[in-house]
Number of protein chains: 2
Amino acid sequence: MYDKFFIQQLKQNGYKITPQRRAIIEALAEAPLAPKASEIWEKIRQKYPDISPDTVYRNLTLLVDLGMVQQIYLRSKETSRFEVNIPHHHHLICLKCGCYYCLEGCLVNEQNLKAAKQRGFTVIGHALELYGYCLSCKEVREEGLKREGKGKNES
Amino acid sequence: MYDKFFIQQLKQNGYKITPQRRAIIEALAEAPLAPKASEIWEKIRQKYPDISPDTVYRNLTLLVDLGMVQQIYLRSKETSRFEVNIPHHHHLICLKCGCYYCLEGCLVNEQNLKAAKQRGFTVIGHALELYGYCLSCKEVREEGLKREGKGKNES
DNA sequence: CTCCTAAATAAGTTTATTCTTATTTAAGAT
DNA sequence: ATCTTAAATAAGAATAAACTTATTTAGGAG
């Protein structure tokens with residue numbers, strides 16, 4: 001589903017397409033619910049018994065950093081979960097058990113607060129985080145891509 | 001500063017006031033920037049050399065769960081940071097280096113996006129999470145407080 | 001003040017995640 | 001197809017955070 005788009009995005013950003021990456025993207029696309037990293041790892045191990053957890057974490061982080069996947073920080077003992085970022089939405093999270101619901105849209109609005117209330121959910125707070133790259137990290141990153149694009153110029 | 005309010009809130013919710021808790025609250029109130037758990041631990045160890053990191057984590061989590069402290073998930077390799085929840089605000093976070101800026105207000109609005117742009121920050125995504133207690137966790141929690149029953153505030 | 005008990009703690013263990021390093025590999029160039 | 005090299009990987013070490021359990025303690029009752 002998203003597979004092709006994800007692969008294309010990786011290529012466009014200068015990343016290599018490895019069997020492990022394909023498997024991770026496939027696992028994400030097939031997963032019914034936002035899975036944990038460990039669940040993705042377990043699934044892929046059926047096909048690639050030698051894949052290391054580090055590879056799964058590393059690539060999930062990459063997909064998050066490229067904006068294709070959203071990492072849901074459950075704000076509880078529960079480990080985070082990963083979800084394809086389409087369609088864009090946010091979450092209602094229980095601090096105690098880590099269960100969560102999907103919300104619609106981007107705002108702390110009446111509709112979402114009502115949705116929370118209807119589920120018997122007591123909201124004690126919310127967090128809005130814009131994430132991306134600060135000026136210097138962005139420059140370092142573009143430096144890297146540029147160097148790649150223009151061949152090897154060593155200092 | 002917030003010390004008194006925090007202690008009062010803990011009492012009102014039926015929690016005991018231990019020297020460790022006082023020290024953690026003090027350390028938070030005195031910290032100039034949102035500190036890491038490890039930094040809080042180090043600071044308190046000067047006074048209480050035997051305090052365990054678990055106690056720090058446990059109590060920070062408690063303060064977050066009670067809505068007095070906000071845990072900033074830096075969405076990067078960087079560990080999270082803890083900040084007194086007053087005044088209420090949100091954050092702009094770099095995925096690469098973990099640096100962050102404080103934002104004003106609660107919304108993904110023009111003002112905040114402009115503030116990001118002015119800093120040379122490239123926003124690749126945002127997350128909005130409402131957190132609190134789901135129905136069953138809330139019931140379990142109230143059950144606990146009720147059972148206690150001897151507290152000041154019976155309702 | 002002393003006693004009592006649930007809550008809180010310290011210490012040690014476990015799990016999740018990240019880092020380090022040596023090896024392998026994707027993909028562009030020849 | 002073969003060569004080259006930076007990027008990606010696996011494995012194991014290191015770190016952060018949470019859990020388990022035995023012990024201590026805050027704070028209410030007598």
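Letters go in sequence order (proteins before strands), and every chain restarts at 1. As the structure is a computational prediction, the values presented were derived from the model and not from experiment.
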Might you work through the side-chain contact (heavy atoms from CB on, under 4.5 Å) test for B:Leu63 and B:Phe82, ending with a clear yes or no? CA-CA 10 Å; B:Leu63 294 172; B:Phe82 296 85; over 6 Å; no
From CD1 of A:Ile7 across to P of D:dA8 the rounded distance in Å is 13 Å
How many Å lie between CZ on B:Arg22 and P on D:dA26, as a whole number? 10 Å
Separation of atom CD in A:Gln71 from atom P in C:dT17, rounded to whole Å: 8 Å
Using a heavy-atom cut-off of 4.0 Å across all strands, would you classify A:Arg21 as base, sugar-phosphate, or nothing? sugar-phosphate
Is B:Asp54 touching bases, backbone alone, or none of the nucleic acid, heavy atoms closer than 4.0 Å? base
Against the side chain of A:Thr79, the closest entry in C:dT17, D:dA10, C:dA7 is C:dT17
Find the distance B:Arg58:CZ to C:dA10:P and express it as a whole number of Å. 7 Å
Distance, rounded to the nearest Å, where A:Ile51 contributes CD1 and C:dT24 contributes P: 18 Å
Looking at B:Thr55 and B:Ile51, would you say the former's side chain and the latter's main chain have a donor-acceptor pair under 3.5 Å? no
To the nearest Å, give me how far apart NZ (A:Lys11) and P (C:dG28) are. 8 Å
Main chain of B:Ala27, side chain of B:Glu30: is a donor-acceptor contact present, judged purely on distance under 3.5 Å? no
Can you tell me if A:Gln20 touches the phosphate of D:dA10, counting only side-chain N or O atoms and a distance under 4.0 Å to OP1 or OP2? yes
Under 4.0 Å, counting only non-hydrogen atoms across every strand here, what does A:Pro19 touch: a base, just sugar-phosphate, or nothing? sugar-phosphate
Proximity to the side chain of B:Thr61 - top-ranked nucleotide from D:dA10, D:dA8, D:dA18: D:dA18
Closest of C:dA8, C:dA10, D:dA10 to the B:Thr55 side chain is C:dA10
Looking at B:Ile72, is its backbone amide N or carbonyl O close enough to the side chain of B:Arg81 to form a donor-acceptor pair, meaning the two atoms are under 3.5 Å apart? no
Check A:Lys47 with A:Glu26, please: is the shortest side-chain N to carboxylate O separation under 4.0 Å? yes
Using atom OH of A:Tyr57 as one end and atom P of D:dA11 as the other, report the distance to the nearest whole Å. 16 Å
Under 4.0 Å from OP1 or OP2 of D:dA7: is there any side-chain N or O of A:Thr18 that close? no
For the side chain of B:Lys16, counting heavy atoms from C-beta on, which of D:dA10, C:dT17, D:dG27 is nearest? D:dG27
Output the single nucleotide from C:dT17, C:dA8, D:dT9 whose closest atom is nearest the side chain of A:Ser80. C:dT17
Rounded to whole Å, CG of A:Asn59 lies from C1' of C:dC19 at a distance of 16 Å
